[in-house]
Asker: 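Quick one: the structure is below, and I'll ask about it shortly.
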Amino acid sequence: MAFESAGAGELFLLGRLLFGGVLAFMGLNHFQNAGQMAPYAEAKGLPAPAASVYGSGGLLLVSGVLVVIGAYPVIAAGALATFLVVSAVTMHDFWAVPDDQVQDEMTQFLKNVALAGGALSLLAVAGTSWPYSVGMSLF
């Protein structure tokens with residue numbers, strides 16, 4: 001139904017590769033740069049900042065890979081959408097930072113909101129059969 005037109009399955013796969021691949025890379029970045037990211041998380045008031053960096057990195061990495069391969073799409077897209085909205089508000093609160101930080105935080109906030117929109121779009125079609133996927137799902 002959703003992927004019946006010519007090339008729709010291939011475009012959907014390309015979208016999954018780009019979207020999930022970027023998020024998985026962001027997750028790897030959390031692991032590679034945890035020492036630099038933990039103080040930022042601490043400054044934002046997160047409890048256990050190092051654990052938060054590693055936990056969010058794991059969520060991004062695993063969920064991004066699941067989107068790419070098309071496994072457990074409801075869980076992957078739902079986790080990403082939730083994380084991206086929560087992190088936009090808690091980590092990139094451009095309305096509460098000094099003037100010299102507003103633009104950077106607003107850019108990161110909008111990036112997270114846009115990515116959350118992509119995750120919600122995937123969640124909307126998560127109950128359908130995804131072309132070029134491993135087809136593993138709980139729902």
Side-chain angles (χ1 to χ4, degrees):
M1 172 178 128
F3 306 105
E4 292 175 359
S5 62
E10 290 76 13
L11 285 173
F12 188 66
L13 173 61
L14 178 59
R16 286 182 11 230
L17 289 169
L18 293 172
F19 182 76
V22 164
L23 291 166
F25 179 79
M26 288 169 58
L28 281 175
N29 189 51
H30 278 63
F31 288 102
Q32 294 172 334
N33 296 301
Q36 296 164 337
M37 297 175 107
Y40 178 75
E42 184 175 27
K44 291 295 184 170
L46 286 182
S52 295
V53 170
Y54 286 114
S56 60
L59 183 142
L60 288 167
L61 177 61
V62 171
S63 296
V65 169
L66 290 176
V67 165
V68 167
I69 66 173
Y72 306 106
V74 172
I75 294 169
L80 286 169
T82 302
F83 168 76
L84 289 163
V85 168
V86 169
S87 67
V89 174
T90 59
M91 298 300 291
H92 306 298
D93 53 347
F94 64 91
W95 55 89
V97 298
D99 288 343
D100 64 332
Q101 297 174 16
V102 168
Q103 189 59 56
D104 288 341
E105 291 296 351
M106 184 184 298
T107 298
Q108 294 302 317
F109 176 88
L110 293 173
K111 175 219 26 141
N112 278 25
V113 170
L115 288 169
L120 289 171
S121 297
L122 289 174
L123 189 57
V125 296
T128 66
S129 177
W130 286 9
Y132 306 105
S133 74
V134 297
M136 297 167 52
S137 182
L138 295 177
F139 304 99

Asker: Could you give the distance from OG (S137) to CD1 (I75), rounded to the nearest 0.5 Å?
Answerer: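 Answer for the OG-CD1 pair, S137 versus I75, is 7.5 Å.
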Asker: Would you name the heavy atoms of A119 and A81 that are closest together and state the gap between them?
Answerer: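 Smallest interatomic distance, heavy atoms only, reads CB-N, 3.7 Å.
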Asker: Would you say the side-chain atoms of S52 pair up with the backbone N or O of P47, donor to acceptor, closer than 3.5 Å?
Answerer: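 Checked: pair present.
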Asker: Between M26 and L59, is there a shared hydrophobic cluster once you connect ILVMFWY residues whose side-chain heavy atoms come closer than 4.5 Å?
Answerer: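 Yes.
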Asker: Within this structure, what is the CG-CG distance for the pair L18 and L13, rounded to the nearest 0.5 Å?
Answerer: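 It comes to 9.5 Å.
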Asker: As a quick check of understanding, evaluate side chain to side chain contact (heavy atoms under 4.5 Å, CB included) for L46 and M91, giving each step before the final call.
Answerer: CA-CA 9 Å; L46 286 182; M91 298 300 291; 3.6 Å; yes
Asker: Side chain of S56, backbone of V53: donor and acceptor closer than 3.5 Å?
Answerer: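 The answer is yes, because a donor-acceptor pair under 3.5 Å joins these two groups.
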Asker: If you look at every heavy atom in E10 and Y132, which pair is closest and at what distance?
Answerer: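 Reported closest heavy-atom pair: OE2-OH, 2.5 Å.
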Asker: After noting the C-alpha distance and the side-chain angles of Q36 and N29, does the key distance pass the side chain to side chain contact (heavy atoms under 4.5 Å, CB included) rule?
Answerer: CA-CA 10 Å; Q36 296 164 337; N29 189 51; over 6 Å; no
Asker: To check you understand the geometry: which heavy-atom pair defines the closest contact between A79 and S63, and what is its length?
Answerer: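 Heavy atoms only, the tightest pair is CB-OG, 4.0 Å.
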Asker: Applying the 4.5 Å side-chain criterion to the ILVMFWY set and letting contacts propagate, would L61 and F25 be lumped into a single cluster?
Answerer: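 Cluster IDs for L61 and F25 differ.
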Asker: Nearest 0.5 angstrom please: Q103 CD to F94 CZ, how far?
Answerer: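 That separation rounds to 10.0 Å.
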Asker: Determine the minimum heavy-atom distance between V113 and A88, stating which atoms define it.
Answerer: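 Smallest heavy-atom distance, with atoms named: CG2-CB, 4.3 Å.
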Asker: Less than 4.5 Å apart, side chain to side chain, heavy atoms only: is that true for V97 and M106?
Answerer: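 Answer no - side chains too far apart.
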Asker: Where do L11 and F3 land on the side chain to side chain contact (heavy atoms under 4.5 Å, CB included) test, with the steps shown first?
Answerer: CA-CA 9 Å; L11 285 173; F3 306 105; over 6 Å; no
Asker: Can you hop from Y72 to V62 via hydrophobic side chains spaced under 4.5 Å?
Answerer: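 Looking at the clustering, V62 is in the same group as Y72.
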Asker: So if you build clusters from Ile, Leu, Val, Met, Phe, Trp, Tyr with side-chain heavy-atom gaps below 4.5 Å, do L110 and V102 land together?
Answerer: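 In one cluster: yes.
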Asker: Between F12 and L122, is there a side-chain heavy-atom distance shorter than 4.5 Å?
Answerer: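 L122 reaches F12 side chain to side chain.
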Asker: Find the distance between OG1 (T82) and CG (L120) and round it off to the nearest 0.5 Å.
Answerer: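 Reported to 0.5 Å precision, the distance equals 8.0 Å.
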Asker: Measure up the F31 and Y54 rings against each other and bin them: parallel (under 30°), tilted (30 to 60°), perpendicular (over 60°).
Answerer: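 F31 vs Y54 ring planes: tilted.
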Asker: Does W130 reach the main-chain N or O of V67 with its side chain, forming a donor-acceptor pair under 3.5 Å?
Answerer: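 Not confirmed, W130 side chain does not pair with V67 backbone.
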Asker: Decide whether F83 and V22 are clustered together by the hydrophobic rule: side chain heavy atoms of Ile, Leu, Val, Met, Phe, Trp, Tyr closer than 4.5 Å, transitively.
Answerer: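 Hydrophobic grouping puts F83 with V22.
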Asker: Quick one: are L123 and V74 in side-chain contact, heavy atoms under 4.5 Å?
Answerer: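 They are in side-chain contact.
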Asker: Starting at OG1 of T90, measure out to CZ of F109 and round the result to the nearest 0.5 Å.
Answerer: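 Between T90 OG1 and F109 CZ, I get 10.5 Å after rounding to 0.5 Å.
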Asker: Using a 6.0 Å cut-off, check whether atom CD of E105 has over 12 heavy atoms from anything other than its own residue.
Answerer: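 Atom CD in E105 is packed in, count exceeds 12.
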Asker: Search all heavy atoms of A116 against all heavy atoms of V85 and return the closest pair with its distance.
Answerer: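 So the minimum-distance heavy-atom pair works out to CB-CG2, 3.7 Å.
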Asker: Distance check, rounded to the nearest 0.5 Å: Q32 atom CD versus M37 atom CE?
Answerer: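 Q32 atom CD to M37 atom CE measures 10.5 Å (nearest 0.5 Å).
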Asker: A side-chain contact here means heavy atoms from C-beta on lying under 4.5 Å apart; do L80 and L60 qualify?
Answerer: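 Of all side-chain heavy-atom pairs linking L60 with L80, at least one is under 4.5 Å.
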Asker: Is any side-chain heavy atom of P49 closer than 4.5 Å to one of P39?
Answerer: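 The answer is no, as the side chains (C-beta and beyond) never meet within the 4.5 Å cut-off.
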